[in-house]
Amino acid sequence: MKIIAIFAAVIAVLVAVVVVRARHIGTKAPSSGMPAPDFTLNSQDGKPLSLRDLRGKWVVLYFYPKDFTSGCTVEAHNFQRDLAQFELKNAVILGVSGQDEHSHQNFCAKEGLHFKLLADTNYQVSSAYDSLLNLGVGKLSARHTFLIDPDGVVRKNYLNVNAGQHSAEVLNDLAQLQLLSAPAKN
């Protein structure tokens, strides 16, 4: 009986540590008006992609914990569902997580994804965007998104993401931001 109580106490402490760490994730994330940190990561096709190469386009940079998990699959499916609408708005979708190119390639093939998933295997980009969840026994990218304008400036960040509604939310915000940045007609 004592062993069970000790084990339960250890689990409770570990859960408390994870919750406290998770609350601080994103407090130093790039906010609206800040330049988006540049990076180069390999995509699922093994080719490097740099944020600076996408200047002139809007970028939806979304971080997610892991390929093939339920929430991440729902979020990816919804971005795929809305991909044509994002493309009409001159926007590119980039997913970032800690899995390697091979995992991303398998995830894209199985789930029918036609946008880039980037392999942040050393979590440097996740860290640069303050989107790293360090669980002590492992690391995951936190579920955060950054909407970056064609000049490379963060226009909106999303630090509390509902995977099922997120794509529609970002699409709506993108449309509003584009209206605000459109030149006035005389």
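Along the sequence shown, the residues carry numbers beginning at 1.
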- Message: If you apply the rule side-chain contact (heavy atoms from CB on, under 4.5 Å), what do you find for Ser126 with His144, and how did you get there?
- Response: CA-CA 9 Å; Ser126 296; His144 293 166; over 6 Å; no

- Message: Would Gln44 and Glu101 count as a side-chain contact (heavy atoms from CB on, under 4.5 Å) here? Give the steps.
- Response: CA-CA 4 Å; Gln44 71 268 24; Glu101 297 95 333; 5.6 Å; no

- Message: As a quick check of understanding, evaluate side chain to side chain donor-acceptor pair (under 3.5 Å) for Gln80 and His114, giving each step before the final call.
- Response: CA-CA 7 Å; Gln80 180 61 46; His114 301 288; 4.6 Å; no

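Inter-residue side-chain proximity for Lys66 and Ser103 is flagged as unmet; no heavy-atom pair is nearer than 4.5 Å. Under the 4.5 Å side-chain criterion, counting only non-hydrogen atoms from C-beta, Glu111 is in contact with Thr73. Counting heavy atoms from C-beta outward, Leu49 and Leu41 have side chains that stay 4.5 Å or more apart. Inter-residue side-chain proximity for Leu117 and Leu113 is flagged as met; some heavy-atom pair is nearer than 4.5 Å. In this structure, the side chains of Asp151 and Arg55 stay at 4.5 Å or more apart for every pair of heavy atoms.
Ring orientation note: the planes of Phe79 and Phe86 are tilted relative to one another, at an angle of 30° to 60°. Between Tyr158 and His166, the ring planes are perpendicular. Angles over 60° get that label, and only those under 30° would be called parallel.
Under the 4.5 Å side-chain contact rule for hydrophobic residues, Val125 and Leu94 share a cluster. Under the 4.5 Å side-chain heavy-atom criterion for Ile, Leu, Val, Met, Phe, Trp and Tyr, Phe146 and Phe39 are members of the same hydrophobic cluster. A continuous path of Ile, Leu, Val, Met, Phe, Trp and Tyr side chains, each step under 4.5 Å between heavy atoms, connects Val92 with Leu61, placing both in one hydrophobic cluster.
Pro48 and Thr40 get closest at one heavy-atom pair: CB-CG2, 3.8 Å.
The residues Asp173 and Arg155 are annotated as not salt-bridged, no charged nitrogen and carboxylate oxygen being separated by less than 4.0 angstrom.
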